[in-house]
Amino acid sequence: MPKAPAADKQKTPPARSKARKEGVFRYAVLAMLFLAVIGFYTVRLVSLQLTPPEGTTVTIGGERVAVTRRVVTVKARRGSILDTNGVPLVQDIMRYQMELDAASFPTDDAAANALLYTLLTLLDAGGDAVRPSSLPITWGYADDRYLYFLKPEMVSSAARARFEEYLTTIGLDGMESLAAGDVLDAMYSRYHLYEEAETEVIGTPETEAPKTLLYDSHMAYRIACIRYDLEVLTFDTANPYRLADETDLSLITPVREQKLRGVTFRVQTEREYCYPGYASHILGRTGRIQASKVDYYSALGYPLDAVVGIDGMEGAMEESLRGIDGKMLIEEDAYGNILRQTVLEEAVPGKDVYLTIDINLQIRAEQALADNIAYIVESALSSGEEQSGEDANAGALVVMDPDNGAILASASYPTFDLTAYDYTALSADPLLPLYNRALMGTYAPGSVFKVGAAAAAMENDIIEPDTKIDTKGVYTYYDDYQPRCWLFTRTGLSHGPINVTEALRDSCNYFFFDVGRQLGISKLSSFMSSLGLGQKTGVELPESAGILSSPAYTDSRGLPWVGADTLQTAIGQGYNAYTPMQLAVYLSTLVNGGTRYQAHYVKGIAEHDNPKPRFSLAGTVLDKIALDEKTHATLIDAMREVAENGSATRVFRGYGVSVGAKTGTAEVGDGGSPNAVFAGFAPLNNPQLLAVSIIENGASGTSAGLCVRDVFDEWFGK
């Protein structure tokens, strides 16, 4: 039987073969891509290590020089704050700080010493102070001796610990028994400040080897001090050593001309207060962004290390005062010498803010307020009478242009010095020097309120300028509340039949009890509100809204309103509580004929260093009341009477400039002396300024007028 033929070798199906080929192809492609990536980064790494990156060489004198490039921030100048006459109150000053850079500072002792010698010589020639060293050995100038201090009160524990460790490093033990000269001798040797002659000579005893300093003894000591600091303090690329906190600008040129290695200059911008201790409540501070405002400033594009306005006008006008930082490309050689500087983005300086404040008037106002308080206390102590002002210790004084609401001066006492600001100490002071009483302090206005009450009564036809009311000392309209006029309380007498001018001159309570009752609290409070009482003045800084005594206020407190409240309100007591700034706006509205202006500190904003900025003198009108000419004339004449024949006569007798005034004495209810309130304006026919002063526990409104007179003296050149 024939043998069957062998079976053919099994073949791979065509579809499977095709899939295998495609898989091999894909792996090959991936392998090639992987090798390409590896190759690219390998070449790039070698390139970075062996050749300068693109753009890191420059041509100098026909040669290509390798450089290091870095982009630095060019800090923009913050705008200045100036007074109404363009006198700088706060401005940026540039301080140039000399620093040693660890990256390029010489590592050779001789070169390091020579560099320090040159720098110290340049600093001495320019009269620039060198930063004190932490070495606890001081130079004795009188007898050329060294004094070695180890007392705790003279050397901090940290400095002592560093020094002890250093002594161990240089092989000195028994610190308490060491002499300063021994330590310095070891330091001079360590830093090679002796000439080579100190090297041991064969056959010559070490004690006989001469030691001669390379520099004079004081210079060698100074160099050793710096070398010590560089060794024991953190000195690296991230922590330069500041050699001088402030150097003259002229020092930069010789340092750069000599191409001194390891020396850099840091430009430090600082805020300078041109009149330390004055206008502190107005100007405010700058500082790093507070934690609570990080998100706010970040959204505006501020860097986290930005310096911003914290309070005062610095804070209120931050948007205008801030500058926009620029960028600069700096190219340096391997030794840290700057080869080229290229501005990438120009820094944009902040705008200047002009205030309505007259700095001379401001200074006089602050001094006058402090003097006035001191005078009241001294007089009270001399009299020996209780509640006569012996407890006066605080107050405020506001000076305003009644024709536009511009604030010419604003004082709060006690005050503080922004150049020596210590929040912990100031906030712990029981007299609250940080508290701006001109804007935040609220006080009963006392009889100063009567001017507005008189205007309200005349405008609502309750009385005419010549209407007489027969005052009887005790107001008996209500059976359960029968208040007395101050004159009856003191003497048992009354003012008799008087008109509104006489009532304001004599500050008759009885007259205004009756006027207030007839007018009614609704009309009285409405009129006073139109004059700005009980609401913010619109000033740029934080302020209190005060309290307008009215049923609306008592309702908000869950209290009833009774007839007695209306009588007390009409004489400036009751729930009335206003800031000195509010009272200035209120009286300005009456004095100028019925236009209520927004109180403001800002006169205008100008581009930085604009030599002749122009501003509008027109104020922002908040409200207008139709004040009858007869009413206005009566009020002005009545306040003239107060100054010439009333309670302000003692202050302005024979003054030489026509003055209108009103005094107020407001009970405080805590057993202390009453608060003293004084308002005045001048001249009568065309008022240029109006001032309101309030002295806490000042006892008498008249006494609070002394500081107002001093301000008028400054303004009118008396």
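- Looking at residues two or more places apart in sequence or on another chain, you find a salt bridge (charged side-chain N to carboxylate O under 4.0 Å, His left out) between Asp637 and Arg640.
- Partners of Lys523 by salt bridge (charged side-chain N to carboxylate O under 4.0 Å, His left out), not counting sequence neighbours: none found.
- Between the side chain of Asp391 and the backbone N or O of Gly672 there is no donor-acceptor pair closer than 3.5 Å.
- Leu617 pairs by the side-chain contact (heavy atoms from CB on, under 4.5 Å) definition with Lys603, not counting sequence neighbours.
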* To do: Under the side-chain hydrogen bond (donor to acceptor under 3.5 Å, both in side chains) rule, what do Asp713 and Tyr655 come out as? Steps first, then yes or no, please.
  => CA-CA 9 Å; Asp713 287 349; Tyr655 189 64; 2.7 Å; yes
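- Side chain to side chain, Glu641 and Thr501 fail the donor-acceptor criterion of an N or O pair below 3.5 Å.
- Listed by chain and number, the residues in a side-chain contact (heavy atoms from CB on, under 4.5 Å) with Glu502 are Lys468, Ile498, Asn499, Arg505 (sequence neighbours excluded).
- Across all non-hydrogen atoms, the minimal contact from Val585 to Ala599 is CG2-CB, 3.9 Å.
- Side chain of Gln362 to backbone of Ser410: a donor-acceptor contact under 3.5 angstrom is found.
- Nearest heavy-atom pair, Leu519 versus Ala456, reported as atom, atom and distance to 0.1 Å: CD2-CB, 3.6 Å.
- Test Thr663, Leu587, Ile694, Thr665 against Val448 for side-chain contact (heavy atoms from CB on, under 4.5 Å) and you get one pass: Leu587.
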* To do: Given side chain to side chain contact (heavy atoms under 4.5 Å, CB included), test Val692 with Leu690 step by step and report yes or no.
  => CA-CA 7 Å; Val692 173; Leu690 179 146; 4.0 Å; yes
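- Judged as a ring-ring contact (aromatic ring centres under 6.0 Å, His included), and not counting sequence neighbours, the contacts of Tyr297 are Tyr302.
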* Asked: Is there a side chain to side chain contact (heavy atoms under 4.5 Å, CB included) between Thr537 and Leu622 once you walk through the steps?
  -> CA-CA 9 Å; Thr537 67; Leu622 298 180; over 6 Å; no
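- Partners of Tyr597 by ring-ring contact (aromatic ring centres under 6.0 Å, His included), not counting sequence neighbours: none found.
- Between the side chains of Ser550 and Ser525, no donor-acceptor pair of N or O atoms lies under 3.5 Å.
- Side-chain atoms of Asp565 come within 3.5 Å of backbone N or O of Val562 as a donor-acceptor pair.
- Contact of the Leu321 side chain with the Glu314 side chain is registered, since non-hydrogen atoms from C-beta on lie closer than 4.5 Å.
- Checked against side-chain contact (heavy atoms from CB on, under 4.5 Å), Ala682 has the following partners two or more places apart in sequence or in another chain: Val657, Val659, Phe712, Phe716.
- Remark: the backbone N or O of Ala545 is paired with a side-chain donor or acceptor of Gln582 at under 3.5 angstrom.
- With hydrogens and angles ignored, the 3.5 Å screen pairs a side-chain donor or acceptor of Gln598 with a backbone N or O of Gly538.
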Solution key, residues 284-293 side-chain donor-acceptor pairs under 3.5 Å, sequence neighbours excluded:
unit_1 : atom_1 : unit_2 : atom_2 : d
Arg285 : NE     : Asp311 : OD2    : 3.3
Arg285 : NH2    : Asp311 : OD2    : 3.0
Arg288 : NH1    : Asp305 : O      : 2.1

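- Side-chain N/O atoms of Asn610 and Lys351 include no donor and acceptor closer than 3.5 Å.
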* Just do the side chain to side chain contact (heavy atoms under 4.5 Å, CB included) check on Thr566 and Trp561 with the steps written out, would you? => CA-CA 8 Å; Thr566 300; Trp561 184 270; 3.0 Å; yes
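- Remark: the backbone N or O of Gly389 is paired with a side-chain donor or acceptor of Ser673 at under 3.5 angstrom.
- How far CG of Asp403 is from CG of Asp401: 5.5 Å, rounded to the nearest 0.5 Å.
- Here the CG atom belonging to Leu627 is positioned 6.5 Å from the CG atom belonging to Leu635, to the nearest 0.5 angstrom.
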* In sequence, state the C-alpha distance, the side-chain angles, and the governing distance for Glu270 and Arg78, and then conclude on salt bridge (charged side-chain N to carboxylate O under 4.0 Å, His left out). => CA-CA 9 Å; Glu270 294 183 8; Arg78 187 174 177 84; over 6 Å; no
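- With sequence neighbours excluded, no residue forms a ring-ring contact (aromatic ring centres under 6.0 Å, His included) with Tyr413.
- Relative orientation of the Phe449 and Tyr578 rings is parallel, given thresholds of 30° and 60° on the angle between their planes.
- Every residue two or more places apart in sequence or in another chain that forms a ring-ring contact (aromatic ring centres under 6.0 Å, His included) with Trp486 is listed here: His495.
- One finds the CD1 atom of Ile373 at 14.0 Å from the CD atom of Glu378 (value rounded to the nearest 0.5 Å).
- Note on Lys630 versus Glu459: no salt bridge recorded, every NZ/NE/NH1/NH2 to OD/OE distance being 4.0 Å or above.
- Side-chain N or O atoms of Asn509 include none that pairs as donor or acceptor with a backbone N or O of Cys485 at under 3.5 Å.
- Atom CE of residue Met639 and atom CG of residue Leu504 lie 8.0 Å apart, to the nearest 0.5 angstrom.
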* Starting from the C-alpha separation in whole Å, work towards a yes-or-no answer on side-chain hydrogen bond (donor to acceptor under 3.5 Å, both in side chains) for Lys536 and Thr579. => CA-CA 9 Å; Lys536 294 184 177 182; Thr579 68; over 6 Å; no
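- Atoms CZ and OH, on Phe615 and Tyr354 in that order, are 5.5 Å from each other to the nearest 0.5 Å.
- Considering every non-hydrogen atom in both Gln387 and Ala699, the closest pair reads O-CB, 4.0 Å.
- Distance alone, capped at 3.5 Å, is enough to place a donor-acceptor pair between the Asn592 side chain and the Pro402 backbone.
- The side-chain contact (heavy atoms from CB on, under 4.5 Å) test with Leu408 singles out one residue from Ile357, Thr84, Leu361, Val711, and that residue is Leu361.
- Applying the side-chain contact (heavy atoms from CB on, under 4.5 Å) test to Ala444 and every residue at least two apart in sequence or in another chain returns Gln573, Ala666.
- Closest approach of Ile521 to Ser549, counting heavy atoms only: CD1-O, 3.9 Å.
- No option in Asn675, Leu583, Val677, Val451 other than Leu583 meets the side-chain contact (heavy atoms from CB on, under 4.5 Å) test with Pro445.
- Under the rule for a salt bridge (charged side-chain N to carboxylate O under 4.0 Å, His left out), Asp710 has no partner lying at least two apart in sequence or in another chain.
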* Might you work through the side chain to side chain contact (heavy atoms under 4.5 Å, CB included) test for Ser703 and Arg650, ending with a clear yes or no? => CA-CA 9 Å; Ser703 297; Arg650 178 165 62 89; 3.7 Å; yes
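- Between Phe416 and His281, the gap from one ring centroid to the other is short of 6.0 Å.
- Once rounded to the nearest 0.5 Å, the distance linking CG of Leu397 with CD of Gln367 reads 12.0 Å.
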